Student: 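Mind having a look at this structure? Questions to follow.
Everything numeric in this text was worked out from a predicted model, so none of it was measured. Naming: A, B, ... by sequence-line order, numbering from 1 per chain.
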Protein chains: 2
Amino acid sequence: MMGGMTHELFRRHEKTLDRALTAIRERTYWSAYPESPSPKVYGETAAADGAAAFQALLGREFPLDQPGTVDTVATEASPFGIDLGVRYPHADVDALLAAASAALPAWRDAGPQTRTGVCIEILDRLHKNVFELANAVQMTTGQAFVMAFQAGGPHALDRALEAIAYAYAEMTRTPAGATWEKPAKGEPVRMSKTFHVVPRGIALVVGCNTFPTWNSWPGLFASLATGNPVVVKPHPRAVLPLAITVRHAREVLAEAGFDPNLVTLAVEAPGEGLASTLATRPEVRIVDFTGSTEYGDWLEANARQAVVFTEKAGVNTVVVDSTDDFTGMCRNIAFSLCLYSGQMCTTPQNILVPADGIDTDQGRKSFDEVAAGIAGAVGKLTGDPARAVEVIGAIVNDGVLERLDKARGTGEVVLDSREVAHPAYGNAVVRTPMMVKLGADDVDVYGTEWFGPISFLIATGSTTQSLELFRKTVGVKGALTASVYSADQAVLDEAETAAMEAGVHLSANLTGGVFVNQSAAFSDFHASGGNPAANATLTDAAYVASRFRVVQSRRHI
Amino acid sequence: MMGGMTHELFRRHEKTLDRALTAIRERTYWSAYPESPSPKVYGETAAADGAAAFQALLGREFPLDQPGTVDTVATEASPFGIDLGVRYPHADVDALLAAASAALPAWRDAGPQTRTGVCIEILDRLHKNVFELANAVQMTTGQAFVMAFQAGGPHALDRALEAIAYAYAEMTRTPAGATWEKPAKGEPVRMSKTFHVVPRGIALVVGCNTFPTWNSWPGLFASLATGNPVVVKPHPRAVLPLAITVRHAREVLAEAGFDPNLVTLAVEAPGEGLASTLATRPEVRIVDFTGSTEYGDWLEANARQAVVFTEKAGVNTVVVDSTDDFTGMCRNIAFSLCLYSGQMCTTPQNILVPADGIDTDQGRKSFDEVAAGIAGAVGKLTGDPARAVEVIGAIVNDGVLERLDKARGTGEVVLDSREVAHPAYGNAVVRTPMMVKLGADDVDVYGTEWFGPISFLIATGSTTQSLELFRKTVGVKGALTASVYSADQAVLDEAETAAMEAGVHLSANLTGGVFVNQSAAFSDFHASGGNPAANATLTDAAYVASRFRVVQSRRHI
């Protein structure tokens, strides 16, 4: 039933897989896909070729030959103000799911090795088209190019490979077969046992607007590697990166002799509610979602026939107690706030600082001096428009602009948001970060997520109160990241216990080139599943183990 | 934070753990606890000592010193008709949960090794008291003594150890720490990372009437090993085996220097709805349940703050196509039906046989001859009361008797149920198995579970139709076991595919001393999580991986 001979694609990628398996055991530094978009790494023409491939997709029907297409739909609008105008196939749900179901048996029977080899080959294909993807990510999300390249390309590929490695490890923990021999009077009782890795059914991936590939690929490949056909439902404003993903995946699957309908694209027409329709279909047995808390909670409550993995909103927090590198601290926090205009799910929002100031290597700093230090560093990063836009990118949608306006009225504005004219894209919507000063009592403001370039400097009674507020807000609303600055080991230990109990990953004293918003695949975990911001981790065993079941048979020998 | 020196109890049990870890990787035969109650294995006085320890508990207050006890409650009635009269502490839920919560931090901080060592020490303690437990299991469930000893003792201990081994493997997959060193221009970026294993919170185990230890221990120890305090809520009619469990666990925990409130007993007063109260408390983050489909579904829908593992009802099925050992087949199926009066969640219910008969080593057998063959074998096993009761035990509760009466009217009775006078227990309620003949169309009867000594011989148009009905009924209602009899390899292969797709474990051509109702720890999986009868497997990685979370911290070196 399972396997047979080793598939050529498994042999081709076996070394990569082995290295990835070592990485997830050690969780030290490793990366399979170079993060520098430099021509020295990717070749002199790669960037231009990728940009041309991207341009060739605009203003026309997206080339995707999948079943059940009834008409086309175009829903994207670039934050950089360029015309995208790509028309995507709009599918009949019944036809799409029927095609996915029909593709399952042969993929299941191919076994863990072959599926793993094919999945890594798809990553390779995506990597070969990484500049095309980077342009698509940039223009749909508003990320600056380098970030779109890195987070949307190599970093997303690393996370996907990490998920595949966990899936492979999990599927092969139980042997494909065993001989059971129980001692007995006279002859032992002997049985031959077979253990089948059986997929759950169809998997649905619901993508988000800001990180269409990085947030979708781990679930996509974890489900696919474990034998489940995957329906990819992109965010209506960030379809292209996932359409490209689906197209390349289908090509590789067909080349490897499998039904390309193992990976299909489901693009929704405005107001259609396609994600809800798909997520509650009985054939859909796995759902991966990144997006709002409201909709994530709805999926968990309503897609009861499926295993549901959600990443939702949270209140990421920085606890500032003291520092022996004030300049480094301010610069590091400022960069975290600026990066992609605070539109990362990992961007800090609440910066808790004692009202009576902190000890630093530059002497005592008052609360206002700390605020001024961070605001000043933000100012430096955003002063020159040409340099600024390479960090802050563009604003992903109008909701963020409305939130910025609303935030202005919540407290004393320490640093106001400014419009920036993008030197290259005249119609781009660009805004610099806003910082607002609040008191510890303003929990009705800072106790929920204000997605976008909005952060709150919160004056607390003491670091002890900061840690209390940290536990409380993260306990209620969740968080994906937390960081602490202190020169006092006891405070660092206390913060570590608080973070552990709140279930949020903690970074301590980041003053250099590592930022709290960034997690390194194969080493850092993204989200913990231990607080309301997410019910799963990217990526660990729990993220893959329930995507398939082991079904056994036994007979006497 | 984690660990420190290796705990003495980890060192003591490290070899056992290592062997168990090998067993779950290989899934060949292994057992840690001898299944024979023979004096040669357990010593000349063990049986009598255990019986005396059990007797000493009857008719009095159960010795358990735990917080929040407000009064006592006695709810048991033995199927063997003896007076139990044990009064259990009846706890205030708030006090119990507060005590469990308070016990968590030190247990969490003890780390995976120490917790694993303590858990295996608890198993050792339970093993030392296995005859006391066996008596308690027998007298609360109605199992015959040898079965109560084996399933309630060594086999349950093996399953618990299996769960602990999976938990240990899972917790130690991620290292406790790592040094991350990313190449950079000039000096590499170096960070030190710590990975904490963090329990989810309080775990609730809801026990069942028929297998109070076997079905409860895996969840109990999987949760405890991964750092969660456990509240054990027994079935009101089978409290004693779990009360004994809790008492010994608390003793070991206290001796090892931990808070005994890591394991507590929650006994409900009639009509109190204690399981529902506990399962929906915010502090309770894991629920393990064995019992009815109705209540299991309720828990899954309502205990939304928790991870819920359920084992519910199903329609276990035997597909009879042909056999080269007619006598062995009839004897094997008959024993499966007789064992504990069909009151195992794994007992076959639906026996699908072509209406025009089957080919056998004794020539063609008509449907009625197949029915007569199995009925005759049941008759042989139950003819002599003294021998019969050692197989069929007693009827666990009145619901089973009512169902027997109702089943009599569903079709042609092939073999009626008889009352048997128990030679040792005058008030025991003993009944022999009933077999009823149905047609393929009677799916409204055989399509649901008839828990108890009730099986249906169903006349189908062909083996092809049998396999269709098998897929359909198991798809809708689930099953924990399935078996097939065929001398035709093609039919066996078809049955294997059908079982894989229905998500149920299959046994083929059992004609000897292995029965479909039995699963061997460390080799066979119990339930698959792939059909409606259960959402989890005993035991695999998915069963343990989400009982804890990994929360990391990182700082520059």
Student: Return the set of residues passing ring-ring contact (aromatic ring centres under 6.0 Å, His included) with B:F470 (not counting sequence neighbours), or none when no residue passes.
Tutor: none

Student: For each of B:S553, B:A545, B:A542, tally heavy-atom pairs with chain A at distances under 4.5 Å, and name the one with the top tally.
Tutor: B:S553

Student: Between A:V504 and chain B, with a heavy-atom cut-off of 4.5 Å, which part of the residue counts as in contact: side chain, backbone, both or neither?
Tutor: backbone

Student: Taking all non-hydrogen atoms of both residues into account, name the closest pair between B:V551 and A:S528 and its distance.
Tutor: CG2-CB, 4.3 Å

Student: Are any non-hydrogen side-chain atoms of B:Y29 and A:P183 less than 4.5 angstrom apart?
Tutor: yes

Student: Could you measure the distance from the CE atom of A:M191 to the OG1 atom of B:T28? Nearest 0.5 Å is fine.
Tutor: 14.5 Å

Student: Heavy-atom pairs under 4.5 Å with chain A: which of B:S31, B:A178, B:S507, B:P199 has the most?
Tutor: B:S507

Student: Restricting to ring-ring contact (aromatic ring centres under 6.0 Å, His included), what partner residues turn up for B:F548, sequence neighbours left out?
Tutor: none

Student: About how many Å separate OG of A:S523 and CZ of B:F195, when rounded to the nearest 0.5 Å?
Tutor: 5.0 Å

Student: Under 3.5 Å, is there a donor-acceptor pair between the side chain of B:R304 and the main chain of A:E300?
Tutor: yes

Student: Which region of B:A495, side chain (C-beta onward) or backbone (N, CA, C, O), has a non-hydrogen atom less than 4.5 Å from a non-hydrogen atom of chain A, or is it both or neither?
Tutor: neither

Student: Can you tell me how far apart CG (A:N509) and CZ (B:R554) are? Round to the nearest 0.5 Å.
Tutor: 12.5 Å

Student: Checking heavy atoms, do the side chain of A:T172, its backbone, both or neither come under 4.5 Å from chain B?
Tutor: neither

Student: Can you tell me how far the CG atom of A:L506 sits from the OG1 atom of B:T194, to the nearest 0.5 Å?
Tutor: 10.0 Å

Student: For chain B, which candidate among A:N535, A:D524, A:V189 shows the most heavy-atom pairs at distances under 4.5 Å?
Tutor: A:D524

Student: Can you say whether A:A502 sits under 4.5 Å from chain B via the side chain, the backbone, both, or neither, judging by heavy atoms?
Tutor: neither

Student: Does any heavy atom of chain B fall under 4.5 Å from the side chain of A:R27, the backbone, both, or neither of them?
Tutor: both

Student: For A:R173, is it the side chain, the backbone, both or neither that has a heavy atom under 4.5 Å from a heavy atom of chain B?
Tutor: both

Student: Would you mind checking which part of A:Q305 comes under 4.5 Å of any heavy atom in chain B, side chain (CB onward), backbone (N, CA, C, O), both or neither?
Tutor: neither

Student: Scan B:Q552, B:K193, B:H196 and name whichever one has a side chain to side chain contact (heavy atoms under 4.5 Å, CB included) with A:H505.
Tutor: B:Q552

Student: Is atom CD of A:E187 surrounded by more than 12 heavy atoms (other residues, nucleotides or ligands) closer than 6.0 Å?
Tutor: no

Student: Under a 4.5 Å cut-off applied to non-hydrogen side-chain atoms, are A:R555 and B:V514 in contact?
Tutor: no

Student: Which heavy atom in A:G512 sits nearest to a heavy atom in B:H556, and how many Å separate them?
Tutor: N-NE2, 4.4 Å

Student: Output the distance between atom OG1 (B:T537) and atom CZ (A:R549), rounded to the nearest 0.5 Å.
Tutor: 4.5 Å

